[in-house]
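Chain identifiers are assigned alphabetically (A, B, ...) following the order of the sequence lines, protein sequences preceding nucleic acid strands; residue numbering begins at 1 within each chain. Atoms considered below: every heavy atom in the structure, side chains included; atoms not considered: hydrogens, waters and symmetry mates.
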Amino acid sequence: MIETGRRIAPRVSLPFTIRDAMIEHARREFPKEACGLLGGPRGTIEAIYPMRNADDSAVTYRLDPTEQLRVFREIEDRGWDLIAIYHSHTHSEAYPSVTDRRLAFYPEAVYVLVSLAAPEDPVVRAFSIRDGDVDELEVTVS
Amino acid sequence: MAVTVRIPTILRRHVGGEPFVEASGATLRELLQDLERRYPGFGGSIVTEDGALHRFINLYVNDEDVRYLGSLETAVKDGDTVSILPAVAGGEHT
């Protein structure tokens with residue numbers, strides 16, 4: 001099973017191509033929520049895996065379980081880490097909702113939120129969510 | 001009859017930190033009961049009080065999602081691998 005055991009830094013280094021790809025994915029799915037994973041070697045974000053929202057919903061998301069297992073394996077087979085889980089909020093700020101906190105089953109992952117509440121001015125923020133407690137992480141786009 | 005169960009990080013504290021455990025049973029439900037006997041508290045993370053598969057737990061037998069098989073009544077046999085993955089889910093709905 002994939003390891004997410006590495007301690008996350010309080011800072012997240014996000015390649016601009018991957019930030020832009022997340023925003024593009026969120027816009028493509030709008031008004032439904034978009035979701036996906038970010039992975040890479042040694043804690044460095046290098047790849048984006050846009051995933052299907054099995055909930056097909058404007059207010060919730062869930063990765064398709066079969067696709068989830070397949071992509072987890074792909075990341076694992078490359079010797080990479082699952083670093084972040086991203087999803088979009090289409091009508092609210094880029095901050096973990098009560099649902100996001102309750103369903104944060106990957107405490108070692110970074111949770112990235114993309115808000116399209118202001119469609120021309122998308123906001124990307126990152127958080128650690130452990131036992132329902134939210135800590136914002138500084139995002140540096142490189 | 002031994003089946004290998006892959007334990008996700010978040011549940012390893014129930015099984016002494018092990019990434020894999022062996023379990024026995026003819027169905028997934030029996031397998032999880034075996035694990036619950038040996039690791040009290042483990043089963044409650046997977047199966048609800050009503051005896052159903054927890055909504056936000058994905059279970060796979062040999063990489064097949066058991067919701068498309070027989071859920072907890074899915075038959076397992078010697079040499080099978082069971083994977084457990086917490087769902088990746090959420091949303092702005094509160």
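- Within the structure, the ring-ring contact (aromatic ring centres under 6.0 Å, His included) test picks out no pair touching residues 48-68 of chain B (sequence neighbours left out).
- Heavy atoms of A:Thr90 lying under 4.5 Å from chain B belong to its backbone as well as its side chain.
- Other residues, nucleotides and ligands place no more than 12 heavy atoms under 6.0 Å from the CZ atom of B:Arg13.
- For the atom pair CG (B:Asp63) and CZ (A:Arg70), the distance works out to 12.0 Å, reported to the nearest 0.5 Å.
- Within the 4.5 angstrom heavy-atom criterion, no atom of A:Ala54 approaches chain B.
- For the set A:Arg102, A:Arg62, A:Arg101, A:His87, the count of heavy-atom pairs under 4.5 angstrom toward chain B peaks at A:Arg62.
- A salt bridge links A:Glu76 with B:Arg6: the closest approach of a Lys/Arg side-chain nitrogen to an acidic carboxylate oxygen falls below 4.0 angstrom.
- Residues B:Thr9 and A:Tyr106 have side chains not in contact (no heavy-atom distance under 4.5 Å, counting atoms from C-beta outward).
- By the neighbour-count criterion of 12 heavy atoms within 6.0 Å, atom CG of A:Asp77 is densely surrounded, having more than that number from other residues, nucleotides or ligands.
- Hydrophobic clustering of Ile, Leu, Val, Met, Phe, Trp and Tyr side chains at less than 4.5 Å, counting indirect connections, keeps A:Phe16 apart from A:Val123.
- For the pair A:Thr60 (side chain) and B:Gly91 (backbone), a donor-acceptor distance under 3.5 Å is absent.
- In this structure, the side chains of A:Leu103 and B:Arg55 stay at 4.5 Å or more apart for every pair of heavy atoms.
- Highest contact tally toward chain B, considering only A:Leu63, A:Thr66, A:Asn53, A:Leu37, is held by A:Leu63 [criterion: heavy-atom pairs under 4.5 Å].
- Across B:Val88 and A:Tyr61, no two heavy atoms sit closer than the pair O-CE1, 3.8 Å.
- For the atom pair CG of B:Asp65 and CG of A:Asp64, the computed distance is 7.5 Å after rounding to the nearest 0.5 Å.
- The contact between A:Ile85 and chain B is made entirely by side chain atoms (from C-beta outward), counting heavy-atom distances below 4.5 Å.
- Interface residue A:His89: backbone and side-chain heavy atoms are both found under 4.5 Å from chain B.
- Of the possible donor and acceptor atoms, one in the side chain of A:Gln68 sits under 3.5 Å from a partner among the backbone N and O of B:Pro86.
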